[in-house]
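What follows is a short report on a single structure.
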Amino acid sequence: GQNIDQPTEMTATEGAIVQINCTYQTSGFNGLFWYQQHAGEAPTFLSYNVLDGLEEKGRFSSFLSRSKGYSYLLLKELQMKDSASYLCAVRDRSGGYQKVTFGTGTKLQVIP
Amino acid sequence: EAGVAQSPRYKIIEKRQSVAFWCNPISGHATLYWYQQILGQGPKLLIQFQNNGVVDDSQLPKDRFSAERLKGVDSTLKIQPAKLEDSAVYLCASSLAGGSGVYEQYFGPGTRLTVT
């Protein structure tokens with residue numbers, strides 16, 4: 001099985017930088033996703049990491065360390081519209097098929 | 001490109017009644033997922049289909065939940081009989097299938113179920 005851990009809530013100021021951490025344990029790691037979910041809406045894909053290192057996409061970056069079972073999502077120049085839940089999801093293929101497990105999500109509140 | 005379609009968007013039923021949800025995935029997506037998301041939690045996988053075959057239903061409460069994906073396209077999820085704890089948003093998602101690609105999931109708008 002998989003164990004995914006991320007903080008429940010975070011608060012940050014508009015214009016600032018925030019880092020959301022995710023730790024995981026899995027036996028057949030095959031990629032880590034970050035999704036954004038605004039209240040009352042469906043999750044939308046933000047980023048994917050399968051190799052160690054940093055992936056940058058505009059104001060959002062995602063980092064992965066497979067040896068440490070650790071990832072973070074970095075949000076720069078925070079905007080009010082970034083207030084949402086951020087879901088870390090790990091893909092595993094130890095069971096003979098691709099299985100994705102979601103964490104509980106980190107609710108980010110951006111304040112003026 | 002059309003997204004994942006779900007219906008109904010909202011449903012209110014009494015406990016012990018039955019309910020069914022429908023999902024139409026993105027054309028060409030072989031993998032279809034049904035998730036249950038309780039308020040404040042992450043999505044919990046109920047069942048995963050590859051084409052019309054089930055690859056994972058380990059967390060589906062099979063005494064009351066059932067799902068099918070006929071012809072490898074549309075899918076329905078049924079609850080019979082419903083319990084109060086089934087109140088949640090039911091999300092359908094689809095993705096391409098394969099070995100080593102990104103294959104991110106695309107989610108439908110969800111069905112918000114309230115059991116009274």
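Order of the sequence lines sets the chain letters (A, B, ...), proteins ahead of strands, with each chain counted from 1. Every heavy atom of this structure was used, including side-chain atoms; hydrogens, water molecules and symmetry mates were not.
- The 12-atom threshold is not exceeded at CG of L39(B), counting heavy atoms of other residues, nucleotides or ligands nearer than 6.0 Å.
- No donor-acceptor pair under 3.5 Å is formed between the side chain of Y48(A) and the backbone N or O of Y103(B).
- With a 4.5 angstrom heavy-atom cutoff, Y35(B) touches chain A only via side-chain atoms.
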Determine, step by step, whether Q37(A) and Q37(B) satisfy the side-chain hydrogen bond (donor to acceptor under 3.5 Å, both in side chains) criterion, reporting the C-alpha distance in whole Å, the side-chain angles of both residues, the deciding distance to 0.1 Å, and the verdict. CA-CA 12 Å; Q37(A) 186 174 26; Q37(B) 188 172 27; 2.8 Å; yes
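- Criterion: ILVMFWY side-chain heavy atoms under 4.5 Å apart, direct or through other members. Under it, I20(A) and Y70(A) are not part of a common hydrophobic cluster.
- Between R112(B) and G40(A), the shortest heavy-atom distance links the atoms NH2-CA, 4.1 Å.
- For the pairing with P43(B), the side chain to side chain contact (heavy atoms under 4.5 Å, CB included) check across V100(A), L87(A), T101(A), T104(A) returns one residue only, L87(A).
- Of all heavy-atom pairs between P109(B) and A42(A), the closest is CA-CB, 4.4 Å.
- Here the side chain of R91(A) pairs a donor or acceptor atom with the backbone of V102(B) at under 3.5 angstrom.
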Show your working on side chain to side chain contact (heavy atoms under 4.5 Å, CB included) between Y35(A) and Q105(B) and close with a plain yes or no. CA-CA 9 Å; Y35(A) 285 81; Q105(B) 296 181 35; 3.5 Å; yes
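- Open room surrounds CD on Q80(B); 12 or fewer heavy atoms of other groups in view lie less than 6.0 Å from it.
- Within a 6.0 Å radius of NZ in K71(B), other residues, nucleotides and ligands contribute 12 heavy atoms or fewer.
- No more than 12 heavy atoms of other residues, nucleotides or ligands sit less than 6.0 Å from atom CD1 of I12(B).
- Follow the hydrophobic side-chain contacts under 4.5 Å out from I13(B) and you reach I79(B) in the same cluster.
- Within a 6.0 Å radius of NZ in K68(A), no more than 12 heavy atoms belonging to other residues, nucleotides or ligands are found.
- Residues Y106(B) and F45(A) keep their aromatic ring centres 6.0 Å or farther apart.
- The greatest number of non-hydrogen atom pairs below 4.5 Å with chain B, out of A39(A), P43(A), S85(A), is found for P43(A).
- Here OG1 of T31(B) is found 8.5 Å from CD of Q98(A). Values are rounded to the nearest 0.5 Å.
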Steps toward side chain to side chain contact (heavy atoms under 4.5 Å, CB included) verdict (E104(B), F33(A)): CA-CA 8 Å; E104(B) 70 270 27; F33(A) 299 85; 4.2 Å; yes
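- Enclosure of atom CD in E14(A) by more than 12 non-hydrogen atoms of other residues, nucleotides or ligands within 6.0 angstrom is indicated.
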